[in-house]
Amino acid sequence: MVLNPVLGKLVSKRVVLASASPRRQEILTNVGLRFEVVPSWFKETLEKSAFAAPYEYAVETAKQKALEVANRMHVKHLRTPDVVIGADTIVTVDEQILEKPVDKQDAYRMLSRLSGKEHSVFTGVAIIHCHSKDNHLETEITDFYEETKVKFSDLSEELLWEYIHSGEPMDKAGGYGIQALGGMLVEYVHGDFLNVVGFPLNHFCKKLAELYYPPPKHNVQHKKYDSIPSVDTFENLSDGESESSNFTEHKGASKLDSSGMCSSGAIYKSESSSSVRTGFIVPLENQNGVLKSAAKVPSKILDLMDGFRASKALFVASKLKMFDHLRAKGPLKAVDIANEVGTSVCGTERLLDACAALGLLEKTPQGYSNTDSANTYLTSDGEYSLHGYIIHSNDHLWPLFTNLESAVKEGSRQNHRAFGKKEEDLFKDYYQSQEVKQRFMAAMHSIAHLTARDVATAFDLSQFKSACDLGGCTGALAHELVQIYPNLKVTVFDLPEVIANTSYFQPSGQHTAPVTFVSGDFFKDNLPEADLYILSRVLHDWPDEKVHVLLSKISAVCKPGCGILLAEMVLDDEKKIRSTALLQSLNMLVQTEGKERSGSEYQHLLEQHGFTNVKIRLTGNLLDAILCVKT
Ligand SMILES: O=c1[nH]cc([C@@H]2O[C@H](COP(=O)(O)OP(=O)(O)OP(=O)(O)O)[C@@H](O)[C@H]2O)c(=O)[nH]1
């Protein structure tokens with residue numbers, strides 16, 4: 001059984017796991033799935049007696065968890081995911097459904113019920129495929145459940161309480177974790193072990209196989225998949241916005257003739273056109289209609305090898321403002337765009353084809369046109385334009401990243417190698433010239449604007465009457481905050497050279513209270529008074545010593561009840577899951593003395609300055625939010 005081709009179907013999709021369960025995250029990460037985690041806010045309160053069988057309850061709960069996230073992301077983030085996965089695990093014994101214990105007594109009741117008996121563990125799973133059509137969310141729901149039978153030994157009172165006091169039962173269905181200490185209570189397991197842990201991986205892969213590899217109609221041999229197919233047919237598969245798929249050349253020496261027939265006799269079809277990787281050729285069927293097995297393809301590694309090519313294609317198309325031209329005049333042929341932007345026709349055609357294959361453009365006989373995402377994110381004045389950050393990535397981060405090897409060897413920033421001079425002060429690099437400063441501000445504005453709503457609504461901030469956004473740059477977050485909390489007055493505090501250049505970025509025609517801009521250096525000058533201090537993408541710029549300086553300064557002016565709101569990419573505590581944030585930490589290595597930190601690292605830093613009740617929200621967007629209060 002080869003798992004990769006099935007999970008490979010999800011490679012080019014935005015996959016969201018609608019679950020806070022670290023076990024589910026680990027199970028899916030371990031098999032190489034790349035996904036965002038957006039915990040569901042759906043409360044597990046469905047009326048159990050309304051369901052004929054316990055598994056129906058688990059499936060419905062899983063479905064509601066996933067739907068809540070799909071809807072929230074669609075409405076709140078304007079970032080409709082492609083696939084949302086939800087799951088719910090329950091234990092049933094003596095016709096009773098057990099979920100997570102609410103306290104130790106509850107855990108005791110559950111575990112003493114399970115003692116010496118066989119029980120069932122059901123996990124319901126929902127896989128929701130999402131599409132945004134005319135701004136409405138359309139969903140296709142696939143659900144299933146898996147049952148595993150588990151028998152416990154007889155448990156003595158002493159053992160029970162020792163186990164409960166370990167703390168392990170509290171966040172686990174039925175009050176035990178089979179993967180850890182709870183494994184010692186188990187006499188046997190019949191069925192999928194991972195199902196008990198919280199996610200039936202095998203059944204999940206089979207479901208994906210059913211969805212993505214519908215059996216060939218004319219071949220009874222393949223009507224039903226009892227195992228996950230080891231070849232990749234890509235039939236009936238849509239991998240994003242563009243659905244066309246092309247015949248192409250085999251990677252090896254064999255060439256296709258005009259019928260798409262390879263010289264070896266097998267028919268080859270390329271991966272769907274919008275997938276990130278190109279040239280992945282897979283056999284369909286030989287003349288007898290029997291699937292021929294493909295050579296194993298390390299698709300994840302190939303994707304990573306090609307990643308820089310895809311990034312650079314995006315950067316160049318953005319830099320040449322091709323998305324702007326296409327929005328204004330598309331569909332356009334390559335020759336027309338080449339004329340507009342002053343580039344070669346052959347080079348432009350290849351770039352546009354690559355962008356279309358990457359799902360950024362649509363290619364039709366009329367020419368190339370923008371996808372909805374390109375209009376929203378890639379045009380220079382799109383509603384959530386990332387153009388500023390893309391140009392910053394091309395002009396500033398790319399040269400720095402070419403020196404990653406030196407950064408890793410030396411453990412320090414590489415600005416001197418990339419740009420030929422060494423500035424002691426990080427921001428002097430950015431503010432050395434008007435052009436670089438504006439590019440940097442546009443980049444920061446892109447991310448701040450894209451994430452502002454999620455950061456502003458991650459917590460209820462209505463108890464705060466005044467806020468000061470330290471290093472708040474163009475005020476994108478400040479403007480969002482005053483819209484959401486009309487009673488809040490927000491001051492943006494940033495370096496004089498930044499404040500002098502903010503006017504270009506101000507929203508027009510807003511009827512909300514204005515945002516005030518004050519210039520100063522938060523390390524050197526007095527901080528404006530406020531109930532809430534905001535540090536968005538600030539602490540990650542600095543090493544711990546500087547973070548302490550800043551936090552102690554804030555703590556000194558904070559009265560009890562005042563708070564700090566951090567917006568950062570939060571790493572998981574083990575630093576092994578959140579690849580975007582971990583790559584961002586490398587990004588900090590090549591250009592700053594700072595780093596990304598985990599939730600517990602932030603908590604520790606904040607608590608040392610008297611900020612407690614530290615709450616962390618993973619928003620599902622690029623920045624997460626942390627709120628704490630001075631006690
Ligand atoms: O042996 C084990 N059994 C169960 C678990 C963990 O228990 C929970 C089950 O709870 P639920 O399905 O409601 O999921 P949550 O953790 O609340 O996360 P959601 O955000 O998805 O609701 C689950 O975490 C299992 O992993 C275990 O660890 N071992």
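Whatever order the structure lists ligands and atoms in, that order sets their numbers, starting from 1.
- Using a 4.0 Å cut-off to heavy atoms of Q179, the atoms of ligand 1 that qualify are 1 (O), 2 (C), 27 (C), 28 (O), 29 (N).
- Applying the 4.0 Å criterion to heavy atoms of G177 picks out, from ligand 1, the atoms 1 (O), 2 (C), 29 (N).
- Taking every heavy atom of A87 and a limit of under 4.0 angstrom, the matching atoms of ligand 1 come to 21 (O).
- Atom 14 (O) of ligand 1 has its closest protein heavy atom at R24 NH1, 3.0 Å.
- Nearest protein heavy-atom contact of atom 8 (C) of ligand 1 is D171 O, 3.5 Å.
- L481 has its side chain within reach of I534: a pair of non-hydrogen atoms, C-beta onward, lies under 4.5 Å apart.
- Between E44 and K100 there is a salt bridge, with a side-chain nitrogen of the basic residue lying less than 4.0 Å from a carboxylate oxygen of the acidic one.
- For residues 181-203, the set of pairs meeting the ring-ring contact (aromatic ring centres under 6.0 Å, His included) definition, not counting sequence neighbours, comprises F144-H203, Y188-H190, F199-F204.
- Nearest protein heavy-atom neighbour of atom 4 (C) of ligand 1: V196 O, 3.4 Å.
- Between K151 and E118 there is no salt bridge, since none of the side-chain N atoms of the basic residue sits less than 4.0 Å from a carboxylate O of the acidic one.
- The closest donor-acceptor contact from the side chain of S115 to the backbone of S112 lies at 3.5 Å or more, if one exists at all.
- By the criterion of a heavy-atom distance under 4.0 Å, the side chain of R23, and not its backbone, is placed next to ligand 1.
- What sits closest to atom 16 (O) of ligand 1 on the protein, heavy atoms only, is S21 CB, 3.6 Å.
- Protein heavy atom nearest atom 25 (C) of ligand 1, with residue, atom name and distance: V197 O, 3.2 Å.
- Looking at heavy atoms from C-beta onward, L565 lies in side-chain contact with V455 at the 4.5 angstrom threshold.
- Nearest protein heavy-atom contact of atom 21 (O) of ligand 1 is S19 OG, 2.6 Å.
- Checked for salt-bridge contact, E210 and K206 miss the test: no charged N lies under 4.0 Å from a carboxylate O.
- Comment: R14 engages E36 in a salt bridge, judged by a side-chain N to carboxylate O separation of less than 4.0 angstrom.
- Every atom of ligand 1 is numbered from 1 in the order shown, and the set under 4.0 Å from a heavy atom of A173 is 4 (C), 7 (O), 8 (C), 9 (C).
- Protein heavy atom at the shortest distance from atom 22 (O) of ligand 1 is K65 NZ, 2.6 Å.
- Note: no N/O pair closer than 3.5 Å links K172 and ligand 1 by distance alone.
- Ligand 1 has no atom lying under 4.0 Å from any heavy atom of G182.
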Which pairs of donor and acceptor atoms, one on a side chain in residues 50-57, lie under 3.5 Å apart (sequence neighbours left out)?
| from | atom 1 | to | atom 2 | distance (Å) |
| --- | --- | --- | --- | --- |
| E56 | OE1 | A52 | N | 3.4 |
| Y57 | OH | E99 | OE1 | 3.3 |
| Y57 | OH | E99 | OE2 | 2.9 |

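- Comment: K149 engages E147 in a salt bridge, judged by a side-chain N to carboxylate O separation of less than 4.0 angstrom.
- Salt bridge D154/K117: absent, no basic N to carboxylate O contact under 4.0 Å.
- Proximity to A20 (heavy-atom distance under 4.0 Å) selects the following atoms of ligand 1: 18 (O), 19 (P), 20 (O), 21 (O).
- The residue among E44, E99, K100 with a heavy atom at the shortest distance from atom 10 (O) of ligand 1 is K100.
- Shown in contact with I178 at under 4.0 Å from a heavy atom are these atoms of ligand 1, numbered in order with element: 1 (O), 2 (C), 29 (N).
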